Every structure is written in C-alpha cells, then in structure tokens.
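Data first, discussion second: the structure below is written as structure tokens.
A note on names: the letters A, B, ... follow the listed sequences, proteins ahead of strands, and every chain is numbered from 1. Keep in mind that what you see is a predicted model, and the values were worked out from it rather than measured. FYI, side chains are in, hydrogens and waters are out, and symmetry mates aren't considered; it's all heavy atoms of this structure.
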Number of protein chains: 2
Amino acid sequence: MYNGAIEAGGTKFVCAIGTPSGEIVDKVTLPTTGPEETLQKVVDFFAAYQINRLGVGSFGPIDLNKDSNTYGTILNTPKQLWKGYDLLGALQRELSVPVYLDTDVNAAALGEYRWGAAQGARSVLYITVGTGIGAGFVKDGRTFIGRQHPEMGHIKVEQHPEDRFTASCPYHGNCLEGLASGTAIHDRYGRAGTSLPENDPVWEMTAYYLAQAIVNYSLVLAPEQIILGGGVMKQERLYELIRNKVSTAMNGYMDLPVLEEYITAPALLDEQGIKGALALIPADTDKYQKVPDFL
Amino acid sequence: MYNGAIEAGGTKFVCAIGTPSGEIVDKVTLPTTGPEETLQKVVDFFAAYQINRLGVGSFGPIDLNKDSNTYGTILNTPKQLWKGYDLLGALQRELSVPVYLDTDVNAAALGEYRWGAAQGARSVLYITVGTGIGAGFVKDGRTFIGRQHPEMGHIKVEQHPEDRFTASCPYHGNCLEGLASGTAIHDRYGRAGTSLPENDPVWEMTAYYLAQAIVNYSLVLAPEQIILGGGVMKQERLYELIRNKVSTAMNGYMDLPVLEEYITAPALLDEQGIKGALALIPADTDKYQKVPDFL
C-alpha cells in the first residue's frame, strides 16, 4: 500500500507515490497554473493509484492553524489566482484520504531529518536559498509551527559595507531574502547568478548575509544541524564562505558543532521536498503499519 | 506537601517553598557569593521544610543536555568561582529530591505561561532586559531547549543611525545585549538609566533595538505572545515605543496579533522567575497530586 505526496510550489507541483519508508515509486512534475486546472492534473495523476494518506508540503503563506476556519487555505500571496484557495479542502474532497499539511520548507527539513543529511540529529534547520528564502525547523521528529508558520527568510540583516544594492523585498529594507536570494543576485546585475564568475563579489556578499542569518538562527533555535539547499546553493563554494563567516561573526560566543558537520548540503538530491511531504505522514497513524504498543 | 523552587542568579539566589498551583508560602533572597557558601545557605533554608521536588531556573551558560556527562554544570561564565560548578549534582546530593532544571528565562516564560500574563496563549516568548538580555520560549507547555539553551539576547541588530555608542558586548560588535541592556544604557552616559530624563534619546534607541529583535524573533518563532520584563522595562513608556517600532519594521509582512496583546508586561510582579522555577516541576510526576487518567 502506498502513500501520496505533493510538493506544492509556486512554479511547479511535484506529485509522487511512495512507501512509508521514503521510497518513491512514481513521480510527476506539473506546472503551477490556476488552482482548479492544477488540481485536476494532480487528481489525474493520483487516480492510477490507491493511496492511503497524503502528505503535502506547500508554498505559503498558508493557514496552518488547525483551529482556524480557513485551515489549509492559501493566504495573502502575490499569486492572485491562489489567494484564498482552500488547498487542503480541495485535496480532501477530490482524493478522499487524510491529508497531512505543512510548509514546503518544514517538509524538506523533515525529509532530510528522516532520510537525508540530518539523520541522527535531534534537530535540524533547513534553509532554502532560491528565488526566495525560507526555512523549516524540525525538533525531535516534529516540524515547528507557531501562531502561524515562521517566515525566517525575512529576518533583518545588516547591509554589506560594499553592497550598493537596494534590497529586492518590497516589505522590508534589508531582509535576508531581499539581499541574498536568487532574485536579489539576479537583480543586482540583470542576469542570473549562474552566469557570474566564481570570484564575483556577490558570492562573498551572499555568504555574508546568510552567515548573519545563521548566527541569529543559531542563537534563537540552537539546532544540531543546518542544511542549506535551493538553487543558489548549487554554487558549492558558498558553503565554505558561509562557514568561515559564521565562525567570525559568532566569535566563540556560542559553542557550535564542527562547522563542516553543522552547516551542510542536503543529501536527498532535490527530492527533500517531495520525500519530506511523504515524511509528513505519521507512521503511527498508518493502519497498515500500526503495531500494538507492546512496549 | 510542598515543592521547592530556586531562581539562581548571578547576583542573588531566590529560594521558595510553594504549592503545585504556584502559591509561594515562604521565600528568601540570598546574595550569590562562592558556590559552596551559597549552596550551604540554600540548604539551610530548605532544611525547615520537607519538599517533594525542586524546580531550578538558573543563570547560564549551563549544560542542559541530559545525555551529557556535565548535565547541570555551569559552563564558561565570567563568574570564575562558578565555572564548572555542578549545580544540579550539588542540589540533588544535598536535598535528596528530584530536581527539574532549566534556564532562568525559560523558567520565567513558563511562570507567565502557567500563572501570569500568558495564560491561555499556546506559546510565549519571555524577554528579560536587565544587566544583560536573555529570552526563554514556551510552546504548548514545554520550555524550548535545542542543542543547548538558546542565547537569544546576543542576536545581531543594526546600529541606530544616531547612536555613537560602541556596543558593550565583548564578543560581538552590535548585538542586542551590547546595545540595549541596562549595562549598555549605563555605559553610554556613565550613569544608570533610572537617572536619565524621560525624553533622553536612549529610550528611543533602546526601543529601536528591542523592536528589531522582536521582529526577528517573531519571524523565526511566531509566538502568540511576547512578554518584556527585567529592570530596564520598569521604564513603562518603552512598551509603546517598542510596539510602534515593531509595527513599522514588520511593515505588514507578517500578520501580528493586536500589538497591545502581543507585546505586554509580565503579570507576576517580579515573581515570574521563582514561580517559573516552581512551574518547572511537572504536575504529573508529583505522586501526591497524581490522579488516575479517567478521561
């Protein structure tokens, strides 16, 4: 018996069929268009399988307050067609299975925690650095949601002394996403980061901002491990730049684990989101997996 | 039958006898001297009572990793006499009761959550702004500890454009504690904040720093409520200054609760620390309170 998983993103929906142990047996990537049209394609994909449960890691902001009337609804997003769309309700109605919903970044954190680079850690912060910046946190097997889901990508950072760029986030002056996202890198030069030379000062600046954020996250959450994923982190030299700057900025105040183990790449090879969605389905509610509590 | 509580601070130890419902029936305040001498006075106080259990909210840094060989030991502190002192071991040995240990700020957060200003909230961040700055976080009745206890008072903030002060924290340039603590206020002028006029620009600056930190904490932890306590917050006009600056800095990005309910003063009248220490003792392990699970 299989479970279903959806990584619901602003540009694409990844849908998969998988096992409770995280193996993916079928997978499809669908472009995100309008909600009804996208959902129809999702339903068509799952129609070929009988799934027990569905895990969904979604873009946001999305209402994750289970006591709310609008639980599972996409909130105030620039994607006008999706604003106010009851994603959870539509999935439950169309697929008639229990749905386990969380943010895309919480799902990715859980995927890496369960089956990826953070196996064995008690807590992990997963940061995605792509078009935007977001982060999800898992501690003792549970994803972290507060009054609402966190918006960690928007914490304030101090502008690099040599950076003349006006941050790209329309809400705040210099927030992390506004200065270190792929969008910010692109907007600095009018071309993609992938086309910039290795020694372009933008990498130093991007590492500077991410390191500042990581120091603050470390002081607030004290995670055992931090995983950096997303398109921008394909520039692998960023990892070492970031580690060095974290070390300098922390200045020995808080004891950190060995930095090569503390700040790492993901291990799930771009499947952390979809495998994480699968991981959102709690093993103990799967009636086909359930064993009596003999212990 | 009573429980015991200790608020172990760098300048004073508060010891109390209380009930599981948070009433304090006896209390003493002892100056913090060397560890052996201080502990002897603590033991003398508790000798007059038979206590079941003991809750301890301690200054730090302190090892709170239960799997560690040095669990309960004071770590690298400027208080040389206390460095490496096994506070938990000494208390267990001398008082022969189970000891529930956490940071002073986590205890205060729990006290306000259980019996103070955050009753009814699902999560609360308690920030103390005194000689130093620290914060404790409680969610769903449990205090938050990661790989180690957080050090939220040391997050980086951006210097106020009119502030010429060189931050007082020896580790970081401009961290929150280095710019907004009572020590920082004192060091700006060479005299205590209490002697400064109400319209001194330092209040505006202090609120500016605290608001920046609160925006970042809100984006990372999304607490339902934030309580600001400690000596500096006796300057009551700071609350409104901080609320206004949080509103400006967040700029509508994250929906916050009504600010007068989101950012509040403590309700336990300087007893949040000691009552919080009492609250660290879980009700369900008190054999004299335990009732069968009929529900």
Side-chain angles (χ1 to χ4, degrees), chain A residues 61 63-65 67 75-76 121-125 134-135 137 139-140 142 144-159 169-178 211-213 215-226 248-257 262, chain B residues 61 63-65 67 75-76 121-125 134-135 137 139-140 142 144-159 169-178 211-213 215-226 248-257 262:
Chain A
D63 185 349
L64 293 181
N65 176 0
D67 300 328
L75 300 172
N76 194 13
R122 289 197 50 187
S123 55
V124 60
L125 180 70
F137 182 56
K139 184 166 179 288
D140 297 321
R142 295 171 63 191
F144 181 85
I145 302 164
R147 185 190 72 254
Q148 61 163 82
H149 57 74
E151 289 284 0
M152 299 196 210
H154 288 263
I155 71 165
K156 196 178 179 70
V157 291
E158 192 169 62
Q159 189 110 0
C169 172
Y171 289 93
H172 321 87
N174 36 2
C175 79
L176 180 65
E177 176 169 303
Q212 271 189 57
V215 167
N216 280 354
Y217 299 147
S218 297
L219 292 163
V220 174
L221 296 171
E224 286 198 1
Q225 192 173 338
I226 294 179
T248 305
M250 190 64 94
N251 196 17
Y253 180 71
M254 181 184 241
D255 286 329
L256 295 176
Y262 185 50
Chain B
D63 185 348
L64 293 182
N65 177 1
D67 300 328
L75 300 172
N76 193 14
R122 290 196 50 187
S123 56
V124 61
L125 180 71
F137 182 56
K139 184 165 180 288
D140 297 323
R142 296 171 63 192
F144 182 86
I145 302 163
R147 186 190 70 254
Q148 62 162 81
H149 57 75
E151 290 283 1
M152 300 196 210
H154 288 263
I155 70 166
K156 195 178 180 70
V157 291
E158 191 170 62
Q159 190 110 359
C169 173
Y171 288 93
H172 320 87
N174 36 2
C175 80
L176 180 66
E177 177 168 303
Q212 270 189 58
V215 166
N216 280 354
Y217 299 148
S218 297
L219 291 163
V220 175
L221 297 171
E224 287 199 359
Q225 191 173 340
I226 294 179
T248 305
M250 190 64 92
N251 196 19
Y253 181 71
M254 179 184 242
D255 285 330
L256 295 176
Y262 186 52

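- Rounding to the nearest 0.5 Å places CZ of B:Arg122 at 7.5 Å from CG of A:Asn65.
- Contacts of A:Gln159 with chain B are made by backbone atoms alone, with heavy-atom separations under 4.5 Å and no side-chain atom involved.
- In terms of non-hydrogen atom pairs under 4.5 Å with chain A, the most contact-rich of B:Ala121, B:Ser123, B:Cys175, B:Pro257 is B:Pro257.
- Top candidate by heavy-atom pairs under 4.5 Å with chain B, chosen from A:Gly252, A:Pro61, A:Ala222, is A:Ala222.
- Annotation: maximal heavy-atom pairing with chain A below 4.5 Å, among B:Asp140, B:Asn216, B:Val157, B:Asn251, occurs at B:Asn216.
- Of the two parts of A:Ala135, neither the backbone nor the side chain holds a non-hydrogen atom closer than 4.5 Å to a non-hydrogen atom of chain B.
- With a 4.5 angstrom heavy-atom cutoff, A:Leu75 does not touch chain B via any of its atoms.
- Here the side chain of A:Lys139 pairs a donor or acceptor atom with the backbone of B:Ile145 at under 3.5 angstrom.
- Contacts between A:Leu256 and chain B at a heavy-atom distance below 4.5 Å involve backbone atoms as well as side-chain atoms.
- To the nearest 0.5 Å, atoms CE (B:Met250) and NE2 (A:His154) are separated by 10.5 Å.
- Within the model, atoms CD of B:Glu151 and OG of A:Ser218 stand 12.0 Å from one another, a figure rounded to the nearest 0.5 Å.
- Looking at B:Gln212, only its side chain comes within 4.5 Å of chain A, counting heavy atoms on both sides.
- Note that the CG atom of A:Leu219 and the NZ atom of B:Lys156 stand 11.0 Å from one another [nearest 0.5 Å].
- Atom-to-atom distance recorded for B:Glu177:CD and A:Tyr253:OH is 6.0 Å, nearest 0.5 angstrom.
- Residues B:Asn174 and A:Glu158 have side chains in contact (heavy-atom distance under 4.5 Å, counting atoms from C-beta outward).
- No side-chain heavy atom of B:Val215 sits less than 4.5 Å from a side-chain heavy atom of A:Ile155.
- Counting only heavy atoms from C-beta outward, the side chains of B:Val220 and A:Phe137 never approach each other to under 4.5 Å.
- To the nearest 0.5 angstrom, B:Met254 atom CE is 13.5 Å from A:Asn76 atom CG.
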